[in-house]
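To find a chain, count down the sequence lines: A is the first, B the second, and so on, and within it residues start at 1. Treat the numbers as computed from the prediction; the structure is a model and nothing was measured.
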Protein chains: 2
Amino acid sequence: MKISAKGEYALQAVNYLAHKHGQGYIQLKEIALHERIPLKFLEQILTALKNSGILKSRSGPGGGYYLSRPPSEVTVAQVLQSMDLSASPVDCLNECNEFECGKNNERDLCDLRWLWKDIREETVKILESTTFQDIRERKARATRSGETTGSTEGRAEESSRSDKKVHGTVRPIINRR
Amino acid sequence: MKISAKGEYALQAVNYLAHKHGQGYIQLKEIALHERIPLKFLEQILTALKNSGILKSRSGPGGGYYLSRPPSEVTVAQVLQSMDLSASPVDCLNECNEFECGKNNERDLCDLRWLWKDIREETVKILESTTFQDIRERKARATRSGETTGSTEGRAEESSRSDKKVHGTVRPIINRR
DNA sequence: TATAATCCCTACCATACGGATAGGGAATTA
DNA sequence: TAATTCCCTATCCGTATGGTAGGGATTATA
């Protein structure tokens, strides 16, 4: 019951762009470095986000990407949908497979169907109602109150150095596995 | 964001056993056939369920499995937990990985942490509050009102023949993929 | 118009993991 | 002793996911 790397990367990227909203074109490279996402992989992701209208882009020197709408109008759900990620825990809930599912009435499979439906409903509700503005605000609130984000407090804050090139040498981009 | 076959199978099996609760030992074979789950795969699953105390079993002729508690005391969450399936959409929420996560404060990863937490919370709430008794009741209610289960009504009911051997010949067990 | 800097496209590679199989061992009954 | 069941552990296998590679468009700028 995990979200894919692709999904997470997409959200990170959009989140980054949300922070930089209004500051013109942001380059692929910058995002990849800051968020530590493999460059070429991120490239594909941004293309998808662009095709679905969440981002806009321009080639050439000084080119890059930017959020096509203000952060308050971009939801987490929209981003995940652009990546073709379904929030449904089970295939037969995705409309196109509903008929298939019908064949399984004899088994106890469908006994559980409403359960998955409930779960999906709740999940979608959260994903759709969360904008990147919300994420930003929530972060601000958390940092102000000295937390780590989320509810795990008291973590040793051993590093606040940024990723942006510490003269020349750049931290290598680390893979997920 | 899918539940695994293992998880689904486990739930089907337990659901089946819930229906047969109080009827003594039910054989692996019977469950596998009725639910169309690959026999040897199911065997592993039942072993896990047994080790976690949800099922009890006995070898030998007339042996089999049975639910060790009444259906009203077995939750969906318990079954999934026995299979080591986490309801968390993201690794860093599983306590053992929390520290790892702490290292990522610089990235925007953790900005999203509370979101995953909320989703997990909601999911868990549903999973924990649903017992196999509930599932049974809900099914009864659904069939009584002529539905297919879930909310997809009007599906052509082209087959009500059972899986239990129609003289000798047994339907082949179909794989998931 | 040349050149460099970016994004764009499409094909490909690698492998971890989930799903499934196989087979012999240990209980239990008769 | 033999049949029937569950128990254990090792292994296979396909594929979806994560990641690479590289040439082609586009745009800026000099």
- [ ] Give A/Tyr25 one of three labels, base, sugar-phosphate or nothing, depending on what nucleic acid heavy atoms sit under 4.0 Å from its own.
- [x] nothing

[X] [atom1] to [N] [atom2]: how many Å, rounded?
| X | N | atom1 | atom2 | result |
| --- | --- | --- | --- | --- |
| B/Leu39 | D/dT4 | CG | P | 15 Å |
| A/Lys2 | C/dA16 | NZ | P | 17 Å |
| A/Glu8 | D/dG19 | CD | P | 11 Å |
| B/Asp84 | C/dG19 | CG | P | 13 Å |
| A/Lys29 | C/dC7 | NZ | P | 9 Å |
| A/Leu28 | D/dT27 | CG | P | 17 Å |
| B/Gln27 | D/dA3 | CD | C1' | 13 Å |
| B/Ile31 | D/dT5 | CD1 | C1' | 13 Å |

TODO: Determine, stepwise, if the pair B/Gln12 / B/Glu8 fulfils side chain to side chain donor-acceptor pair (under 3.5 Å).
DONE: CA-CA 6 Å; B/Gln12 285 177 248; B/Glu8 247 189 302; over 6 Å; no

Task: B/Tyr9 side-chain N/O to C/dA20 phosphate OP1/OP2 under 4.0 Å - done: yes

Task: Neighbours of DNA chain C within residues 56-64 of chain A, by heavy-atom distance under 4.0 Å - done: A/Ser57, A/Arg58, A/Ser59, A/Gly60, A/Pro61, A/Gly62, A/Gly64

- [ ] Strictly below 4.0 Å, heavy-atom distances to any atom of DNA chain C: list the hits from residues 40-54 of chain B, or just say none.
- [x] B/Lys40, B/Phe41, B/Gln44

Task: Closest non-hydrogen atom pair between A/Glu128 and A/Ala77, with its separation - done: CG-CB, 3.6 Å

Side-chain touch [X]/[Y], heavy atoms, less than 4.5 angstrom:
| X | Y | answer |
| --- | --- | --- |
| B/Met83 | B/Ile45 | yes |
| B/Ile31 | B/Leu46 | yes |
| A/His19 | B/Asp111 | yes |

TODO: Take A/Lys6 and B/Ile26, find for each the nucleotide of DNA chain D with the closest heavy atom, and name the residue whose nucleotide sits nearer the 5' end.
DONE: B/Ile26

Open item on the list: Under 4.5 Å between side-chain heavy atoms, counting indirect links through other Ile/Leu/Val/Met/Phe/Trp/Tyr residues: same cluster for B/Leu85 and B/Val79 or not?
Closed with: yes

TODO: Would you mind checking if A/Glu30 and A/Lys20 are paired as a salt bridge, meaning a charged N to carboxylate O distance below 4.0 Å?
DONE: yes

TODO: Could you list the residues that satisfy side-chain hydrogen bond (donor to acceptor under 3.5 Å, both in side chains) with B/Thr75, not counting sequence neighbours?
DONE: none

TODO: Please state whether the rings of B/Phe41 and B/Tyr9 are parallel, tilted or perpendicular, taking 30° and 60° as the class boundaries.
DONE: perpendicular

